[in-house]
Structure formats: structure tokens, C-alpha cells
Amino acid sequence: MSFVITTPLYYVNDKPHLGSIYTTIICDAIARYKRLMGEQVIFITGVDEHGLKIQRKANENSIDPQIHCNQISNIFTENWMDWDITYDKFIRTSSKHHETVVNEFYGRVKKSDDIYMGVQKGWYCVGCEEFKDNPENSSTYKCPIHQKNLEWRNEENLFFRLSKYQSQIEEIINNPTFIQPKERRNEIINFVSKGLKDFSISRTNVAWGISVPGLDKHTFYVWFDALLGYVSALSLDEKEDSLNKAINGGWPANIHLIGKDILRFHAVYWPAMLISAGLELPKKVLGHGFLTREGQKMGKSLGNVLDPKLLLSKYGRDPVRWFLIKDISLGNDGDFQNKRFVDIINNDLANTIGNLLNRTSSMSRKWFKNKVPNDVKTTENNELASLSKITVDRYINNFNAYKLDLASSDILNFAINTNLYLNDKQPWILIKQDSNIPYVKEIIYNVLESTRIIGLLLLPILPELSAKIDVQLGCIYKKESPWQGQLKWGLLNQDSELPNPFPIINKLEYE
RNA sequence: GUCUCGGUAGCUCAGCUGGUUAGAGCGGUGGAUUCAUAGCCCACAGGUCGCGUGUUCAAGUCACGCUCGAGACACCA
């Protein structure tokens, strides 16, 4: 059994923004965690490349849509490399491979008698390229974005019989763990209770897309294309493309991590489509919140978009990861404030965790010949050992519940308490009397052991920082042996060398 | 317009099924200390718990009304 986690397939109308980075980093942390826990992980990400907007964008630049997609798609993979995202599959919806899966999936849904030809009628804004739902005064209504009158359109589309799945969808979303967070679940329940309507799955005016088999003018509309990427990604390494290969590759997904704006499509449309095609359902759909900046929505028109590339070059990966994971509770909206960012990095990472390691290593080196103390009877009968056990338990529970912010706080609290332990024991005073040496050894050993465990717990969240901690403890993490086993107390080797300490993170300054 | 969620210290937020002097983190101020990255540790915030009414022996915690903010109300990648 593998653990399958997905980001949305990002739309290639532009390079990745902070929101995409956020989603992807969260998925990455979860994927790393699950791997460390010994699970076989398939971490899927990718891009959605079809649609009118892309077609137009390419036209504006007088290039072929495929060329445009190649360019942006490359930017995405480069970004994921820069951010050290450990994805396993990167699916592109313009790939032949994906097309095969879409067609087969469509075949199955059609066989279930869930496809019919209908007419999409409605008021259409040419500027938005969208139908507007505005039944009352549409003839005088102007599109709020474009301030233009709407046009009445009559378009032939294929429809999917979503209405048929009303009761089944109700049952699915009734499961309290299927949609998270629960506030959004209520919204979906409310939405579904009003009655599901069939939705259109093809367009006739969009050339850049996957052609519907047997219907020349039609291409599949986004939800019958992009969502399938989660499935088609699973057979990326197969020589022959086929839906069955993909399904056998690990379907269903354990979790779809998405932005709250596309929750409905994942929690309502998608399950219905899967039932129709005879596929299993994803276990969970988690809609996270949006990021604001200094309390304001980010937008091109406001000109306050935070460029992730800039963040990366200015602060590095781990500080940004820490902020996004620890300071924003998954599901809620989050606000990026520069001052807050600097404060939390300096406090949590530099002062609390970094300085703890530094002061501990320094003492040990100074008093015990640059080594971890020897002749220590490692006992689990001390406050740090029991605190460690409690911390590890909480952390694992929180991580399993996708409460990454709380799991991060568990680590931090452990570091704070280890600092307190030091201040309480005051080994720098005890060491002045030789008779205290055995006790001081024990104290220092315990504190070093705490930092070792803190480093290990940080591994899925802040891989680089974790590695630096490991280096300063003498490279004791064993990649080959199970991570969870190494979280046990007392595994730090006595009398092993401690390298010269260096700051694991530089303090940031206010702008 | 209808529905949902929220309005708690300068900032970000905890406060489960109502019950002693309302909590944490950050920022700010003072102190103690030196193993350490001016760091860790200790102390200090006199907050009408949005406003009002009600239920109750007792309400931040329940009910109703008002107000402010966020979101949902189908094709918004």
C-alpha cells in the first residue's frame, strides 16, 4: 500500500506564485514525514496546461501553445528544484500519456450512461470568457470586472450527470474526515443539499485541449481533464499508457491538498466522476486557506504580490518553510508580515533551537575534550527523557492529523524546555567542583540527546537545518535505519567527537 | 438578499461540555546570569473578552437582537 499525496495541478498561465509554493511545501513536508515513517510515498504534482486562457496567452506572444506550456512547465520544475521539493511524479496535462487516460476515463463514464449532449445557455461575459449566473436583470447587468454588457450564448456542450449522484455524494461528504477543515465541510454540505445540477465537461470554442473522441469540435473542459492528472500521474513510468496501469500504480489518493477555492470540484465533482468510472475515492480532501500580505490580499492589480523567488534568495528555504508551516494553521488563511517573519525565524530557529545546540555543544567540548561525555549511565529516568517521549508522541499524532503547525510547536516547546532544564541545572556552576563531574556529564548528555531528537523531528519540516544539527552532533543520523526507531532516548554515542559549532542559521534583520 | 464562520492584551491567536484573581507566543520595559548566536532565564500588560438584552446561584463560554469583518450561495485551473 502506498501513500499518495497530491498538490493541485497548477495552471500554466503564469509562473508559480507564493500560494503554489505554500501548497507544495506543505505536501513536501507531509511526503517527507510519511517516507520517514516507512511508508511508500507517491507525491504527485504537475501542471494543467489546457484552456482558452493559455491559447490566448500563446497567441499574444505569437507562439504555439505547446511551446508556451513547455516554457512555464520548465519554470515550475525548476522552482521545485530550487525549493528542494521531493515530488515523485510531475504530470503535464498536455502529455500524450495523460490524454490516453482521459479518453479511457471518458469511455468508462460514457458507458455508465452519465454523458449526454446538452446546451449551455446563459449570459456570457466576453472579457471574462465566462458564463455569469445572474438570472434577474441580465439584460442591463454589467460584468463588474469588465463593465460590459453580457451576451446571451447558446452553446452545445457535453454534460456529466452529476445530479444522479446526489445521495451518494451526500453520504461521502457526511463522513467527517473526508473534507477538512470542518468549516468548509459545512459549506459543501450546504451546497450539496440544495441539489446538484449536471455540469458541462466540454467546450466547442477551445482548440487547445484534449479532443473528445468522436466529436471533432469538442475539447474537454478543465474538470474532465485536469483532475484526471492525479490518476494519469500514477502510470507515468509505464511504457504503455492505460487507465488500468494508472489505477494499479497506487490509486486512490490518500489526500488531495488544495486551495479552498477549488474545494468543491475536488469534494463533489471529482468523487462523482470517480464513482461513475468505477474508481475508488480519495481518502481526504484538505482545502487550505489563502495567504495575505501585511493584512491585504495579494494581487497583481494591487501590486503587492510577494515573489517567492525573492523570498528564497533573501531568506533561504528553511526559514520560509518554517514560517509557512509553523505560523499558519493549515486550513486557515495566513498573513505574511515581514516583521513577524523576521521575529519568528530569529526567535524560534536562531535563539531557541540554534542557540540551544550551540551552548550545549560548547559546554561539552570545553569540559569533555571536544566530545560527548563518556561514562554516563543513560537512564530514561530524567525529566528530559520523559519530555522527549511525550513530545515525540504528540508530534506524531499531530503530523498524522495534518496539524503541521502544532507538530512544529511541539518541537519548539521541547527546545524551550531543554533550555529551561539547562538554566535550572546550571552545569557551568556545578563544573567548578570536581566531585560534580559525573552529574555534569549526565546533564550535558541529556541536553545533547534532546538536541539530537529535536534535529530528527525537524527533518521533514526543515531538512537543511536538521542536517546542520546532525553535522554538529557528529553525523549520527543513520539514513538506512528507521527514523522512528532513532527517536528513542539514549542513542547518542558517548565519547564521540563533536565538531566545532557554527550557527545553524543566521539572524535576519528588519527591512 | 439567504446561509456559515469570526470579532479576547500593541500584534497573532488559545480558551472543551457555563463556575476560583481571563491565558500563550511575539513586540515593549525592568532584573538575574554567563555555557551560548546581546543569547537563555525571571518579573512586568491594570485587556468594558465587538455592542445590547435575556436565561442562570454563576457567561468570554448558552439564547435573541444589533454592529463590524471574512467566506459560501455551480462551471471562479
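Every chain is numbered from 1, with letters handed out A, B, ... down the list of sequences. Please read all numbers here as calculations on a predicted model, not as lab measurements.
Here the side chain of Lys507(A) is nearest to one of C35(B), U12(B), A38(B), namely A38(B). Relative to the side chain of Lys339(A), the nucleotides C75(B), C41(B), G27(B) differ in distance, and G27(B) lies closest. Taking every side-chain heavy atom of Leu420(A) into account, C41(B) is the closest of U12(B), C75(B), C41(B). The side chain of Ala350(A) has U37(B) as its nearest neighbour among U37(B), C75(B), C41(B). Picking from C75(B), U37(B), G25(B) the nucleotide with the shortest atom distance to the side chain of Arg340(A) gives G25(B). You'll find that the side chain of Phe265(A) is closest to C76(B), out of C75(B), U37(B), C76(B). The Lys197(A) side chain lies nearest to A74(B) when the options are C41(B), A38(B), A74(B). Ranking A74(B), C26(B), C42(B) by closeness to the Asn347(A) side chain, first place goes to C26(B).
Put simply, Asn190(A) has no side-chain N or O that comes within less than 4.0 Å of OP1 or OP2 on U2(B). Here Tyr221(A) reaches the OP1 or OP2 of C76(B): one of its side-chain N or O atoms lies under 4.0 Å away. Listed pair Asn351(A) / C40(B) meets the phosphate criterion, a side-chain N or O lying under 4.0 Å from OP1 or OP2.
Among the heavy atoms of the strands, none lies under 4.0 Å from Gly289(A). Contacts of Phe341(A) with the nucleic acid, taken as non-hydrogen atoms under 4.0 Å apart, are absent. Tyr269(A) comes within 4.0 angstrom of a nucleotide base, judged by non-hydrogen atoms across all strands. Counting non-hydrogen atoms under 4.0 angstrom, Ile201(A) reaches nothing in the nucleic acid. Among the atoms of the strands shown, none is found under 4.0 Å from any heavy atom of Asn186(A). If you check every strand for non-hydrogen atoms under 4.0 Å, Ile188(A) touches nothing.
With a 3.5 Å ceiling on both atom-pair distances, A22(B) lacks any Watson-Crick or G-U wobble partner. Remark: C3(B) base-pairs with G71(B). Criterion, Watson-Crick or G-U wobble with two distances under 3.5 Å.
At a threshold of 4.0 Å, the pair Lys425(A)-Glu383(A) counts as salt-bridged, since one of the basic side-chain nitrogens sits closer than that to a carboxylate oxygen. Ion pairing between Asp14(A) and Lys57(A) fails under the 4.0 Å rule for side-chain N and carboxylate O.
Rounded to whole Å, the separation between the C1' atoms of U53(B) and A59(B) comes to 14 Å. Taking atom C1' on both nucleotides, G27(B) is separated from G65(B) by 38 Å, rounded to a whole Å.
Between Trp270(A) and His256(A), the angle of the ring planes lies from 30° to 60°, which puts this pair in the tilted group.
Residue ring and nucleobase are stacked for Trp428(A) and C35(B), with a centre distance beneath 5.5 angstrom and an angle between planes beneath 30°.
Applying the 3.5 Å distance criterion, the base of C35(B) shares no donor-acceptor pair with the side chain of Ser362(A).
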Tyr269(A) and Phe160(A): CA distance, side-chain angles, deciding distance, ring pair (Phe, Tyr, Trp, His ring centres under 6.0 Å) verdict
CA-CA 9 Å; Tyr269(A) 289 27; Phe160(A) 171 72; 8.3 Å; no
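Each of Asp225(A), Leu227(A), Val12(A) was compared with Thr93(A) under the side chain to side chain contact (heavy atoms under 4.5 Å, CB included) criterion, and only Asp225(A) meets it.
Of the N and O atoms on the side chains of Asp198(A) and Ser163(A), at least one donor lies less than 3.5 Å from an acceptor on the other residue.
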